[in-house]
Amino acid sequence: MTLENLCKIADECTECPLHENRTNGVFGEGPADSRIMLVGEAPGRMEDETGRPFIGSSGKLLSEIIESAGMDRSEFYITSIVKCRPPENRKPKKPEYSKCMELYLHKQIELINPDIIGLLGNSATHALIGKSSIKQIHGKTYERDGRKYMALFHPAAALYSRKLLPQLKEDMLALKMFVEP
Ligand code: URA
């Protein structure tokens, strides 16, 4: 299985109700050998229209944060816990993200085999490492099944509350330190 094959399957997926409102699936993008993977919550309107992750306003801020840490977004593999946009941008439900992660995200992680996975926001953090309070655990690393994870605020949170931005930039810099030489 390659990322391309898996993406084709995801684009046709009907395993959960989220596919009903899909314009485009948003599988994820970035080099297949990225050392850092970033996982968000769910595609929004712009992402659904284009099939690309994090290209709306939170995506623009994400690019800025990555650049402030001396990196470029093209170095990252970027995706979310579900590949189809939830109606009215509601949060994905547990049966939706559990199924989607089982079919796609866990396989993407296996194929890419990153040094560290940055979890953007509460939904991704809860779905992947079972932790709830991002305010308390952001910037810390956790190991699950031999993989390293770090929770960061979702860039959308920093759009609402600009005071989170310096912290998000600091955590992004910390994430970079986990790339193995
Ligand atoms: N927010 C996310 O969590 N994922 C996207 O792809 C876009 C916005």
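Any value given below was found using the heavy atoms of this structure, including those in side chains, with hydrogens, waters and symmetry copies removed. All ligand and atom numbering here is 1-based and tracks the order in the structure. Given the structure is predicted, the values throughout are model-derived calculations rather than measurements.
- We find that Lys99 and Glu102 are joined by a salt bridge, their nearest charged nitrogen and carboxylate oxygen being less than 4.0 Å apart.
- Taking 4.0 Å as the cut-off between side-chain N and carboxylate O, Arg52 and Glu29 count as a salt-bridged pair.
- Nearest protein neighbour of atom 3 (O) of ligand 1, counting heavy atoms only, is Glu41 N, 2.6 Å.
- The side-chain hydrogen bond (donor to acceptor under 3.5 Å, both in side chains) test applied to Thr50 returns no partner, not counting sequence neighbours.
- Residue contact check: Ser80 has heavy atoms under 4.0 Å from atoms 2 (C), 3 (O), 4 (N), 5 (C), 6 (O) of ligand 1.
- Annotation: atom 5 (C) of ligand 1 to nearest protein heavy atom, Ala42 O, 3.4 Å.
- Close N/O approach between Ser58 and ligand 1 is not found [any backbone or side-chain N/O within under 3.5 Å].
- Remark: distances from the non-hydrogen atoms of His154 to ligand 1 include one below 4.0 Å.
- Although no hydrogens or angles enter the test, the distance criterion places a donor-acceptor pair under 3.5 Å between the side chain of Arg35 and the main chain of Asn113.
- When each atom of ligand 1 is checked for a heavy atom of Gly40 under 4.0 Å away, the hits are 3 (O).
- In Glu47, the part holding a heavy atom less than 4.0 Å from any atom of ligand 1 is the side chain.
- Checking only distances, Phe54 does come within under 3.5 Å of ligand 1, N or O to N or O.
- Classification of Arg45 and Glu49 as a salt-bridged pair holds, one side-chain N sitting under 4.0 Å from a carboxylate O.
- Judged as a side-chain hydrogen bond (donor to acceptor under 3.5 Å, both in side chains), not a single pair has a partner in residues 7-16 (not counting sequence neighbours).
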